[in-house]
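All of these numbers come straight from a predicted model, not from anything done at the bench. By convention here, the first residue in the shown sequence is residue 1.
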Amino acid sequence: MLGSDLMSRLGGDHEVVGKDIEDFDLTSFASVRDVVEEARPEVLINAAAYTDVDGAERDETRCFAVNALGVENVVRACGPLAVCVVHISTDYVFDGTKGSPYTEEDSPSPLGVYARSKAEGERILISGGGDYLLIRTAWLYGRHGRNFVRTILDKARAEGRLAVVSDQFGSPTWSWDLAGAIKHLLENNHRGIFHVTNRGSCSWYDFACKILSYAGLEGVKVEAIPSSRLDRPAPRPPYAVLSGRKFNTVTGRTMRPWQLALREFVAKMARNGVMNDLT
Ligand SMILES: NC(=O)c1ccc[n+]([C@@H]2O[C@H](COP(=O)([O-])OP(=O)(O)OC[C@H]3O[C@@H](n4cnc5c(N)ncnc54)[C@H](OP(=O)(O)O)[C@@H]3O)[C@@H](O)[C@H]2O)c1
């Protein structure tokens, strides 16, 4: 999802080579090294990950192979060639109990397997000693791949009623906006850790209601439920909102509010007929 939007946003102004798992398998050092040595990029952006949060609880080995060992392979391949590594991480590295937005100085406190694997990937990147930009983001949706917006619209159409969790809070973020922010950080040579999400926060329930409203589906009944009702394998942070203050201060920019991004996304998808379900 994010990788495709990065290709679109960076491609116009930069020479970008996109690689998929067939010729760039993060879990194989030889595969990563060969691609890096052939392309000799200034920057390598790792938008790949094992992202099945619940699946990770059953498949810890695979999850760590991609999200932790994969980062080690990237760091090992990029270090000798002085390639800057841009790596994407997650609000899930925090346990969500702080009660206020997490800053870049807060220490990770991951809860589940996916969260621990992402925290380990971060640790490997930071301790690797090379040039890096580490972006933590959250609640991504976008044009490509499965995501919450698509799921809500599909379910609303198929079932006409929804039950959505109202006790977990985060910041819905359009991968297109995130890709633009990463482009800006790179073009201005920023390095280190940055928290980047669309501005503001809400519960999954609020998010679902806004999706339906922007899609003109206000008639669909949405029930607010506690997360305990879903009995998901992986624990989730209850309030993993990321502070955008450092991004604002360093770049002089603010990310737009999540509602504005979502409204544009839903309108665009409907216009392009990508989500036929919207009409
Ligand atoms: N989605 C969110 O809500 C969210 C929130 C916070 C942070 N993030 C982070 O943001 C980044 C991008 O997420 P996304 O939602 O865009 O992910 P995504 O759509 O799931 O894309 C991840 C891609 O990585 C690929 N991949 C898996 N294993 C690989 C391997 N061994 N070598 C190379 N590629 C591999 C996957 O290929 P297959 O499809 O073939 O498996 C998939 O195309 C990830 O680091 C994720 O942890 C995501």
Within-4.5 Å side-chain heavy-atom neighbours: [X] and [Y]:
X      : Y      : result
Lys268 : Arg143 : no
Leu212 : Leu162 : yes
Arg146 : Asp154 : yes
Phe194 : Ile182 : no
Gln259 : Leu262 : no
Val149 : Phe207 : yes
Leu81  : Arg40  : yes
Tyr50  : Asp59  : yes

Quiz item: Among Pro226, Ser228, Ser227, which one satisfies side-chain contact (heavy atoms from CB on, under 4.5 Å) with Val165?
Solution: Ser227
[X] side-chain N/O to [Y] backbone N/O, donor-acceptor pair under 3.5 Å:
X      : Y      : answer
Thr173 : Asn198 : yes
Thr137 : Val196 : yes
Tyr102 : Ser107 : no
Asp25  : Ser31  : no
Ser109 : Asp95  : yes
Ser213 : Cys209 : no
Tyr132 : Val75  : no

Show the nearest heavy-atom pair for residues [X] and [Y], with the distance to one decimal.
X      : Y      : result
Pro101 : Asp106 : O-OD2, 4.3 Å
Ala68  : Glu120 : CB-CG, 3.6 Å
Tyr239 : Ser201 : OH-OG, 4.5 Å
Ala115 : Leu111 : CB-N, 3.8 Å
Lys118 : Ala49  : NZ-CB, 3.8 Å
Ala179 : Leu2   : N-CD1, 4.2 Å

Self-check item: Check against side chain to side chain contact (heavy atoms under 4.5 Å, CB included), Val16 and Ile45
Solution: CA-CA 10 Å; Val16 189; Ile45 306 179; over 6 Å; no
Exercise. Test Asn147 against Leu140 for side chain to side chain contact (heavy atoms under 4.5 Å, CB included), laying out the working first.
Key: CA-CA 7 Å; Asn147 58 69; Leu140 286 186; over 6 Å; no
Quiz item: So with a 6.0 Å cut-off around CZ of Arg253, is the heavy-atom count from everything else above 12?
Solution: no
Quiz item: Counting only heavy atoms not in Lys246, do more than 12 sit closer than 6.0 Å to its NZ atom?
Solution: yes
Practice problem: Please name all residues satisfying salt bridge (Lys or Arg N to Asp or Glu O under 4.0 Å) with Glu223, sequence neighbours left out, ordered by chain then number. | Solution: Arg229
Self-check item: With sequence neighbours excluded, residues passing salt bridge (Lys or Arg N to Asp or Glu O under 4.0 Å) with Asp54
Solution: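 Asp54 satisfies salt bridge (Lys or Arg N to Asp or Glu O under 4.0 Å) with Arg232, Arg236 once adjacent residues are dropped.
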Quiz prompt | side-chain hydrogen bond (donor to acceptor under 3.5 Å, both in side chains) contacts touching residues 65-78 (sequence neighbours left out) | solution =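 As it turns out, the side-chain hydrogen bond (donor to acceptor under 3.5 Å, both in side chains) pairs with a partner in residues 65-78, which skip direct neighbours, are Asn67-Ser117.
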Quiz item: According to the side-chain hydrogen bond (donor to acceptor under 3.5 Å, both in side chains) rule, which pairs have a member within residues 9-23, sequence neighbours left out?
Solution: Asp13-Lys183, His14-Glu187
Self-check item: Verdict with supporting geometry, Phe64 and Val113, side chain to side chain contact (heavy atoms under 4.5 Å, CB included)
Solution: CA-CA 8 Å; Phe64 268 78; Val113 172; 4.1 Å; yes
Same cluster (ILVMFWY, side-chain, under 4.5 Å), [X] and [Y]:
X      : Y      : result
Leu44  : Leu134 : yes
Leu10  : Leu133 : yes
Leu178 : Met269 : no
Val266 : Leu217 : yes
Phe29  : Leu69  : no

Quiz item: Residues two or more places apart in sequence or in another chain: which of them pass side chain to side chain donor-acceptor pair (under 3.5 Å) with Ser28?
Solution: none
To the nearest 0.5 Å, tell me how far [X] [atom1] sits from [Y] [atom2].
X      : Y      : atom1 : atom2 : value
Cys202 : Gln168 : SG    : CD    : 11.5 Å
Arg136 : Phe247 : CZ    : CZ    : 15.5 Å
His184 : Thr251 : NE2   : OG1   : 5.0 Å
His195 : Met255 : NE2   : CE    : 13.5 Å

Quiz item: Is any side-chain N of the basic residue among Asp131 and Arg191 closer than 4.0 Å to the acidic one's carboxylate O?
Solution: yes
Quiz prompt | Test applied, ring pair (Phe, Tyr, Trp, His ring centres under 6.0 Å); reference residue, Trp139; option that passes from Phe148, Trp204, Trp174 | solution = Trp204
Sequence neighbours excluded and cut-off under 3.5 Å, please list the side-chain donor-acceptor pairs for residues 82-94, or say none.
unit_1	atom_1	unit_2	atom_2	d
His87	ND1	Asn46	ND2	3.1
Ser89	OG	Glu122	OE2	2.7
Thr90	OG1	Tyr92	N	2.9

Exercise. Show the numbers, then the answer: is there a side chain to side chain contact (heavy atoms under 4.5 Å, CB included) between Lys210 and Asp206?
Key: CA-CA 6 Å; Lys210 272 281 183 277; Asp206 301 326; 5.9 Å; no
Exercise. Check whether the ring centres of Trp176 and Phe265 lie less than 6.0 Å apart, and answer yes or no.
Key: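 Trp176 vs Phe265: aromatic centres not under 6.0 Å.
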